[in-house]
Amino acid sequence: MLDSEGWRVRIVSQGKQLLNELKTGEWSLVIADIGLLGLDSPGYLTLRELSAVAAEDGGRLRGLFLVPEISASQFVGTLEKARQPYVVRPYHLHDFLEKVSDLLVEVRAIEAPLRQVRYEFGKLRKKETRKQPDEFNVRVAGLILLQRRRAG
């Protein structure tokens, strides 16, 4: 979905790959399953440090952590203390996309929030049958990195 909206998307399966990608400085957002990454891993610690740099000070990267509901008590307190954005799975797609939008605005990867999110999500919901849930519990197979494609 993000790829079709003009974003370069890369999925990596290991923390070492994440560190190599972070060294390039090309990414605007990393979406990471904290259950896979872990709170004491070099990947989390590096992402936390890079995410803490304000946009005014040159910060161009934000992290969004996906927290499995079953282990929320293990991760949420630490993420909140470190002021790291997160969503607990399962989550509403609209809420997730709004959080992604806000983080991309924060690092100036986009100029304005994606207000079409609510409109587009509403169209998707109308297409759903009553048996389909409006919550998503997507298992991230790795760590997702996003970068806006350059025009041209």
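All residue numbers refer to positions in the sequence shown, counting from 1. In this text, all values refer to a predicted model and were calculated from it rather than measured experimentally.
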Chemist: Do Leu22 and Val53 belong together in a cluster built from hydrophobic side chains that touch within less than 4.5 Å?
Modeler: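 No, separate clusters.
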Chemist: With rounding to the nearest 0.5 angstrom, report the CD to CG distance, Gln74 to Leu79.
Modeler: 10.5 Å
Chemist: Please report the closest heavy-atom contact between Glu69 and Arg89, naming both atoms and the distance.
Modeler: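 Looks like CB-O, 2.7 Å.
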Chemist: Counting distance only, does the side-chain N/O of Arg60 pair as donor-acceptor with the main-chain N or O of Trp27 below 3.5 Å?
Modeler: no
Chemist: Under the 3.5 angstrom rule, does the side chain of Ser28 hit a backbone N or O of Ala109 as a donor-acceptor pair?
Modeler: no
Chemist: Once you round to the nearest 0.5 Å, how far does CG of Asp33 lie from OH of Tyr86?
Modeler: 15.0 Å
Chemist: Measuring from atom CG of Leu18 to atom OG1 of Thr46, what distance do you get when rounded to the nearest 0.5 angstrom?
Modeler: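 The CG atom of Leu18 sits 7.5 Å away from the OG1 atom of Thr46.
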Chemist: What's the spacing between Thr24 OG1 and Arg10 CZ if we round to 0.5 Å?
Modeler: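 One finds 9.5 Å between OG1 of Thr24 and CZ of Arg10.
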Chemist: Only counting residues at least two apart or in another chain, list the ones meeting side-chain contact (heavy atoms from CB on, under 4.5 Å) with Leu103.
Modeler: Leu29, Arg62, Leu64, Pro85, Lys99, Glu106
Chemist: So does Ala82 get a backbone contact from the side chain of Gln84, meaning a donor-acceptor N/O pair under 3.5 Å?
Modeler: yes
Chemist: Verify the neighbour count for atom CD of Glu80: are there more than 12 heavy atoms of other residues, nucleotides or ligands below 6.0 Å?
Modeler: yes
Chemist: Hey, any chance Leu61 and Leu19 share a hydrophobic cluster, counting ILVMFWY side chains that come within less than 4.5 Å of each other, even indirectly?
Modeler: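 Hydrophobic grouping puts Leu61 apart from Leu19.
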Chemist: Is there a continuous path of hydrophobic side-chain contacts, each under 4.5 Å between heavy atoms, that joins Val107 to Val100?
Modeler: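 In one cluster with Val107: Val100, no.
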Chemist: Please check if the side chain of Gln17 supplies one atom and the backbone of Ser13 the other of a donor-acceptor pair under 3.5 Å.
Modeler: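 Yes; at least one donor-acceptor contact below 3.5 Å.
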Chemist: How far apart are the closest heavy atoms of Gly38 and Ser41, and which atoms are they?
Modeler: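 Nearest heavy atoms, Gly38 then Ser41: O-OG, 3.2 Å.
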Chemist: Look up atom CG in Leu37 and atom CG in Leu66, then write down how far apart they are to the nearest 0.5 Å.
Modeler: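 Nearest 0.5 Å value for the CG-CG distance: 11.0 Å.
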Chemist: Might you work through the salt bridge (Lys or Arg N to Asp or Glu O under 4.0 Å) test for Lys16 and Glu21, ending with a clear yes or no?
Modeler: CA-CA 9 Å; Lys16 185 175 180 179; Glu21 290 295 334; over 6 Å; no
Chemist: First locate atom CD1 of Ile110, then atom OG of Ser101, and finally report the distance between them rounded to the nearest 0.5 Å.
Modeler: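 Going from the CD1 atom of Ile110 to the OG atom of Ser101 covers 4.0 Å.
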Chemist: Using the side chain to side chain contact (heavy atoms under 4.5 Å, CB included) definition, which of the options Val87, Leu47, Ile31, Leu39 pairs with Phe65?
Modeler: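 Of Val87, Leu47, Ile31, Leu39, side chain to side chain contact (heavy atoms under 4.5 Å, CB included) with Phe65 is met by Leu47 alone.
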